[in-house]
Amino acid sequence: ATMVRFVCSSMLFLAASRLSSAFVPSVRSFSRVATSVAASDNEFDDFSAKTAFMFPGQGAQFVGMCGDVVKDVPAAKALFDEASEILGYDLLEVCTEGPKEKLDSTVISQPAAKAQ
């Protein structure tokens with residue numbers, strides 16, 4: 001479970017750090033919020049998000065997933081290789097070949113959904 005948390009956290013940190021500029025609000029009141037003890041509900045009334053991040057969750061996995069992506073995107077294959085090295089089993093093989101029962105287990109499905 002610790003290894004799964006590490007892989008999931010690492011993948012999310014990497015994605016967030018690459019896109020960190022998307023999280024910087026362009027609102028004048030931001031500095032006031034950062035220095036105050038509490039913020040009111042209307043501190044961000046004029047803030048409009050321009051980016052949304054969506055992540056698959058547990059239950060989104062299926063046998064055969066990611067097979068085409070790793071063939072076309074070398075970075076995706078590298079991500080699965082790194083995850084497999086950390087986890088100690090071939091995550092891509094489980095994703096593409098199953099069995100479904102193994103892929104559906106929480107220990108496998110959590111890193112699979114994050115790599116997806």
Side-chain angles (χ1 to χ4, degrees):
T2 301
M3 190 62 69
V4 171
R5 279 193 300 265
F6 173 77
V7 170
C8 293
S9 297
S10 297
M11 289 178 187
L12 288 174
F13 175 77
L14 180 60
S17 65
R18 287 182 180 167
L19 301 169
S20 62
S21 64
F23 292 102
V24 178
S26 59
V27 179
R28 280 181 264 127
S29 65
F30 183 72
S31 62
R32 188 178 55 215
V33 172
T35 58
S36 66
V37 175
S40 67
D41 289 340
N42 62 355
E43 288 289 333
F44 291 97
D45 283 349
D46 56 344
F47 178 73
S48 174
K50 311 257 185 302
T51 304
F53 294 92
M54 297 179 69
F55 297 95
Q58 190 166 349
Q61 72 278 358
F62 59 92
V63 174
M65 69 181 205
C66 301
D68 292 335
V69 173
V70 296
K71 291 176 187 171
D72 297 333
V73 182
K77 175 69 168 106
L79 179 68
F80 272 98
D81 290 344
E82 184 178 358
S84 295
E85 185 178 319
I86 293 167
L87 294 168
Y89 61 87
D90 190 341
L91 180 61
L92 181 59
E93 180 180 318
V94 177
C95 289
T96 57
E97 300 175 19
K100 182 179 178 358
E101 295 76 22
K102 186 173 183 179
L103 183 58
D104 286 346
S105 71
T106 301
V107 168
I108 305 292
S109 65
Q110 287 296 313
K114 299 305 179 232
Q116 181 182 10

Minimal non-hydrogen separation, L92 against S84, with atom names | N-OG, 4.2 Å
Those residues that, when tested against E93, pass side-chain contact (heavy atoms from CB on, under 4.5 Å) (two or more places apart) = D90, E97
With S109, which residues qualify under side chain to side chain donor-acceptor pair (under 3.5 Å), at least two apart?
-> Q58
Side-chain atoms of residues 66-81: list all donor-acceptor pairs with protein atoms under 3.5 Å, sequence neighbours left out, distances to 0.1 Å.
unit_1: K77; atom_1: NZ; unit_2: D81; atom_2: OD1; d: 2.7

Mind listing the closest non-hydrogen atom pair of T96 and V63 along with its distance?
-> O-CG1, 3.8 Å
Minimum-distance pair of heavy atoms, taken over all atoms of Q61 and M65 = CA-SD, 3.5 Å
